[in-house]
Amino acid sequence: MTPSKRISAITGQGSDGWEVFYRSRAMIAKGIDVVELTIGEHDIRTDPQILDAMHAAALAGATGYSLVRGHPKLRETIAARIQSQSGVATGPEHVLITPGGQAALFAAHMAACDPEDIAVHIDPYYATYPTTIRAAGAHPFAIQTQAQNEFCPTYNDLNQAPQGARSLLVNSPNNPTGTVYGPDTIDDICRFVTDRDMWLISDEVYDTQVWQGSHITPRNSPHMAERTMVVGSLSKSHAMTGSRLGWVVAPVDVIEKINDLVTTTTFGVAEFIQLAGLFALGLGPEFENQIAAPFRRRREIALKILQDFPDITTVPPSGAMYLMVDLRKTGLSGEAFANRLLEDHHIAVMPGESFGRAAAGHIRVALTIDDARFAEAFRTLCAYAQGIVDG
Ligand code: PMP
């Protein structure tokens, strides 16, 4: 028996982009000490007070089936948070809780696209974007951005999308580039989807990690709330990656349809997790700044180290927990460099090519290990790359 064409097509013809990561995990399993700068996960675990809230909620009985669309109090709190950030009237009826932002990305594409529709996304992109779009039955179309334009899409870039495309997926603060879209980029995005009468899916899971400028949600622009779905999550903002707690914010009729989808897939999120999330959100911005602070520090450390290596450059990230390093002067692809670095120095990074064509010749370095170890590994990496340039 063979699996369906549909499920076989999810990863397309090519790889899933995680080979270097799998190699590094295999080396670790053999007992080799590998410095992992690959995956977007904090080096701290979920705060014990959030776990206490989770435990208390479970002991108090929040272990049965939960409401499919999410706990009313959590939906209210998320709606209020979004309204206070964006100014757009938002109520619990606009919010549906999902097991992580990833499930929200899938739900949003299922809601936006019919089978065979074209769903546009920006390149470089988070590795699951094309597979999520294919899983929803649509065809991904990548819009290339340029390093010299800080990886921001312009109206003209967006206009490369085929006529009839149904949705545009954007992500600011961005993984992998760390770019935070400014008002001009947001205007171009909103104008483009309005001119083409498309859905906008805005992945804002890094909205609490901004180092320069400020986070702008496109849902805030005039008439955008009716065509925008916002994807959010507590994974990055509250170091709750394993809890799988996210949401989609959308027009009410779309939330009703996503509710039908969720009824046939996840059937809701564990209530004790949702109540822990409610508690976590109640800890306020000070807690969120505390979670973000290490990435801000390590970004500074990396930028300082880069000053010593004239041929190794970066577009300084304005947000998120990564740094894209431009290695094009080495003449190597990001993938070749990442493989050599893993072999020779036991440092694992993600090749830029895992995130699309626009990131070729780059690597993504996650700022996710303690400062001293990070500084040492990053200096080793830069010196290795500079050595290749110098021949
Ligand atoms: N969007 C982006 C851009 C991400 O980087 C991630 C996770 N790395 C997600 C969505 C999904 O996050 P989660 O499912 O943990 O909320």
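Whatever order the structure lists them in is the order used to number ligands and atoms, beginning at 1. Please read these numbers as outputs of a predicted model, since none were measured by experiment.
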Look only at interatomic distance and state if Y129 has a nitrogen or oxygen under 3.5 Å from any nitrogen or oxygen of ligand 1. no
Near G100, which atoms of ligand 1 are under 4.0 Å from a heavy atom of that residue? 14 (O), 16 (O)
Strictly under 6.0 Å, is that where the ring centroids of F295 and H42 end up? yes
Tell me if the CD atom of E286 is crowded by more than 12 foreign heavy atoms within 6.0 Å. no
Of all protein heavy atoms, the one nearest atom 8 (N) of ligand 1 is K236 NZ, 2.9 Å
N175 N/O under 3.5 Å from ligand 1 N/O: yes
Which residue owns the protein heavy atom closest to atom 11 (C) of ligand 1, what's the atom, and how far is it? Q102 N, 3.8 Å
Among protein heavy atoms, which lies nearest atom 10 (C) of ligand 1, and at what distance? D203 OD2, 3.4 Å
What protein heavy atom sits nearest atom 15 (O) of ligand 1, and how far away is it? S235 OG, 2.7 Å
So, is V205 polar-close to ligand 1, with some N/O to N/O distance under 3.5 Å? no
Measure from the ring center of F355 to the ring center of Y126 and say whether it is less than 6.0 Å. no
Verdict with supporting geometry, C382 and L306, side chain to side chain contact (heavy atoms under 4.5 Å, CB included): CA-CA 7 Å; C382 292; L306 275 169; 3.8 Å; yes
Please work out which of Y126, F106, Y125 has its closest non-hydrogen atom nearest to atom 7 (C) of ligand 1. Y126
Counting heavy atoms not belonging to R191, are there more than 12 under 6.0 Å from its CZ? yes
Is the F378 ring parallel, tilted or perpendicular to the F374 ring (thresholds 30°, 60°)? parallel
Does the side chain of F151 reach to within under 4.5 Å of the side chain of Q144, using non-hydrogen atoms? no
Taking only heavy atoms of G101 into account, list the atoms of ligand 1 that are under 4.0 Å away from them. 13 (P), 14 (O), 16 (O)
Side-chain donor-acceptor pairs of residues 169-177 under 3.5 Å, sequence neighbours excluded:
residue : atom : partner : partner atom : Å
N171    : OD1  : N175    : N            : 2.9
N171    : ND2  : P173    : O            : 3.1
N171    : ND2  : D203    : O            : 3.0
S172    : OG   : Y181    : N            : 2.8
N174    : OD1  : T177    : N            : 3.1
N174    : OD1  : T177    : OG1          : 2.9
N174    : ND2  : N171    : O            : 3.0
N175    : OD1  : R364    : NH1          : 2.6
T177    : OG1  : T179    : N            : 3.2
T177    : OG1  : T179    : OG1          : 3.1

Please determine whether residues V88 and I82 belong to a single hydrophobic cluster, defined as Ile, Leu, Val, Met, Phe, Trp and Tyr linked transitively by side-chain heavy-atom distances below 4.5 Å. no
Give me the nearest non-hydrogen protein atom to atom 14 (O) of ligand 1 as residue plus atom name, then the distance to 0.1 Å. R244 NH2, 2.7 Å
Among S233, A366, S243, which one puts a heavy atom closest to atom 16 (O) of ligand 1? S233
What atoms in ligand 1 come closer than 4.0 Å to a heavy atom of N171? 3 (C)
